[in-house]
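Take a look at the structure set out below.
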Amino acid sequence: MDGFQEAATADETLDPPDWTDAGALSHRILDDAITYLKDVRKRPVWREMPAEVSSFFSAPLPRSPAPMADVYDDVARNVMPYPMGNVHPRFWAWYMGASNFTGALGDFLAAIQGSNLGGGNHAAGLMDSQVVNWMKETVGFPATAGGTLVSGGSMANIIGLTVARNVKAGVDVRERGVGAVPKPLRYYASDQVHSCHRKAMEALGLGNRALRRIPTDAGLRIDIAALKAAIAEDREAGFEPACVIGTAGTVNTGAVDDLQALATVAAEEDLWFHVDGCIGALIAIAPQNRSLVAGIEQADSIALDPHKWLHAPFEAGCALVRDASQHRNTFAVTPEYLESTPRGLASGAWLHDYGLQTSRGFRALKIWMALKEHGVDKFGRLIDQNIAQARYLTRLIEAEPALELMAPTTINIVSFRHRLAGASEERLKTFNTEIMLRLQEEGIAALSDTTVHGRHCLRVAIANHRTRRDDLDLLMREMLRLGREIAAVATPT
Ligand SMILES: *Cc1c(COP(=O)(O)O)cnc(C)c1O
């Protein structure tokens, strides 16, 4: 009897001690969140954290409890005012989406429901598959194709490249490993290919050198003749050409490889055709520009990125594989503790059979809710809008003698720099970097930089549903002001 009494009093839980208090605080958090997004335009894009904020994050592991209201105050004071800035209308650095409020609610509800998308018979599992089916539809893939939601484009590319390896290896590479592959496999992509493919080649055990970088033309698209020559040379040298990666929208300049031509080469040479569509696959839903990615529907696998042009809150990527059985055969393992049952919870699809994760988050909900609310056509128009904005900025740059366009603008990425009479390339880099840093530090706009055909340039990537044309006008004015100010103090004699 004594033991029974003890058990009845000792149970702890993480649930709030008082749900009414928790509700009141949650309402306050939600109100603050709404104001935060509503007023985003009034705040700087980015700001440096004061020392007391950065040191806040070295506090040790908390041992004792704190009221939830205090915990939230810490977040409100130290975290929310110092974002990366990509929800701001003048964030155009690197390449990422701008998130959206509905998606944030989706993430919240996904966590409240708490389902694990490793699989099983429950509504979240069906929704995960439905969103994958919708993604197939956006790029013109058959409904029978395989696919999975992953953390982002890098993982989505790894999925595609892994299926390519296993299909083309010529041996059971899952059982015997890459050491048993008779002829070393070769993959091909343009010299503009995203760095995640290098990591993928390394992780796949094929090695970085197995990915041949093919030169690009003046528009920074893969040179098809050079690709064919490289394939022929490799066959001659005893390699096994296995896969060609086409990029629909390079991260440097937004160049779109000729996907039709790549599909033809892949068919003629019996290669796997993978499309890295992290930036551009979704142009297929944009009425004014969809012809740019014609041919994507012929790919064997596609990586796309809902946290870019669908503005899903991080993280959300998607891998699609035309042949669902090739996809499943690459990843499926059924351990004794994950066997299906004819009815009940374990009777649904095992979604972990299509990738490397076992537990998976309910990332479908944030994508699903935003797509339902706005309809896919609106996302297509927003993509067209960003491309039109990039072309507008390009015209402003071309009309401005102090600025210089550094690569052709194909989609929503503009590469350019500020001129400086008589300056060396090195000095131009320092000068333009200073302009970029001042734009960030003054909270005006977030740009990034890169090197195109050996020359440093600034880069504006507009994957942002909050950007307006007057934001670009403001960027032009501020670029020119900073250019004058920096040149005035720093001109060497
Ligand atoms: C962003 C990007 C990736 C990587 O995607 P993540 O979502 O950042 O992992 C891969 N390829 C291209 C072309 C990209 O733009």
Side-chain angles (χ1 to χ4, degrees), residues 84 86 91-99 103 135 139 147-162 164 187-204 211 213-214 216 219-222 243-259 262 273-284 292-293 296 299 301-320 355-357 361 363 366-367 383 386-387 390 407 410-415 446 448-450 452 459-464:
M84 173 171 245
N86 52 299
F91 184 97
W92 306 303
W94 305 295
Y95 200 99
M96 61 192 81
S99 196
M135 293 302 110
V139 295
T148 183
L149 296 179
V150 290
S151 54
S154 304
M155 280 308 301
N157 279 310
I158 287 192
I159 299 282
L161 301 195
T162 309
Y187 284 46
Y188 307 85
S190 90
D191 58 19
Q192 300 294 302
V193 73
H194 190 275
S195 59
C196 72
H197 295 276
R198 175 189 173 137
K199 286 199 202 178
M201 296 303 284
E202 293 171 5
L204 287 173
L211 174 58
R213 276 73 164 180
I214 306 299
T216 43
L220 294 128
R221 286 173 307 232
I222 191 166
C243 172
V244 60
I245 302 163
T247 303
T250 61
V251 68
N252 259 341
T253 67
V256 180
D257 287 340
D258 183 341
L259 302 179
L262 288 179
F273 179 29
H274 175 79
V275 173
D276 180 347
C278 288
I279 288 177
L282 287 161
I283 295 175
L292 285 171
V293 295
I296 193 168
S301 54
I302 301 176
L304 58 92
D305 230 355
H307 63 208
K308 288 179 175 170
W309 246 335
L310 290 185
H311 304 292
F314 293 115
E315 305 170 337
C318 179
L320 299 175
L356 294 164
Q357 291 179 247
R363 38 174 78 94
K366 59 192 168 192
I367 305 172
I383 290 172
N386 282 162
I387 295 174
T410 312
I411 49 171
N412 57 336
I413 300 177
V414 183
S415 307
S448 59
D449 62 346
T450 188
V452 175
R459 211 178 135 276
V460 169
I462 317 173
N464 194 321

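Order of appearance sets the numbers: ligands from 1, and atoms from 1 within every ligand.
Per-residue contacts place G152 under 4.0 angstrom from the following atoms of ligand 1 (heavy atoms of the residue considered): 7 (O), 9 (O). The ligand atoms of ligand 1 that sit less than 4.0 angstrom from a heavy atom of C196 are 10 (C). Every atom of ligand 1 is numbered from 1 in the order shown, and the set under 4.0 Å from a heavy atom of I279 is 15 (O). Every atom of ligand 1 is numbered from 1 in the order shown, and the set under 4.0 Å from a heavy atom of G249 is 13 (C). Close contacts of ligand 1 with C278, meaning ligand atoms under 4.0 Å from a residue heavy atom, involve 2 (C), 3 (C), 10 (C), 11 (N), 12 (C), 14 (C).
Between the side chains of T247 and D276, no donor-acceptor pair is found at a separation under 3.5 Å.
Counting only heavy atoms of the protein, atom 10 (C) of ligand 1 lies nearest to H194 CG, 3.3 Å. In terms of protein heavy-atom proximity, atom 11 (N) of ligand 1 is closest to D276 OD2, 2.7 Å. Atom 6 (P) of ligand 1 has as its closest protein heavy atom G153 N, 3.3 Å.
A 4.5 Å side-chain heavy-atom check between T253 and T450 finds every atom pair outside the cut-off.
Taking the six-membered ring where tryptophan is involved, the planes of H197 and H194 are perpendicular, since the angle between them exceeds 60° and thus also 30°.
Taking SG from C278 and CD1 from I302, the interatomic distance works out to 11.0 Å, rounded to the nearest 0.5 Å. Distance check: K366 NZ to E315 CD gives 7.0 Å after rounding to the nearest 0.5 Å. Remark: I279 CD1 to I413 CD1 distance equals 4.0 Å, nearest 0.5 Å.
Any N or O atom pair closer than 3.5 Å counts here, and D305 shares at least one such pair with ligand 1.
Heavy atoms of H307 found under 4.0 angstrom from ligand 1 belong exclusively to the side chain. Under 4.0 angstrom from ligand 1, the non-hydrogen atoms of S154 come from both its backbone and its side chain. Contact annotation for N157 and ligand 1: only side-chain heavy atoms (C-beta onward) come within less than 4.0 Å of the ligand. Only the side chain of K308 comes within 4.0 Å of ligand 1, judged by heavy-atom distances.
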Exercise for review: Report the C-alpha separation of I222 and Y188 in whole Å, then their side-chain angles, then the decisive distance to 0.1 Å, and conclude whether the side chain to side chain contact (heavy atoms under 4.5 Å, CB included) test is met.
Suggested key: CA-CA 10 Å; I222 191 166; Y188 307 85; 5.6 Å; no
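In plain terms, the two heavy atoms of N157 and C196 that are nearest each other are ND2-SG, 3.5 Å.
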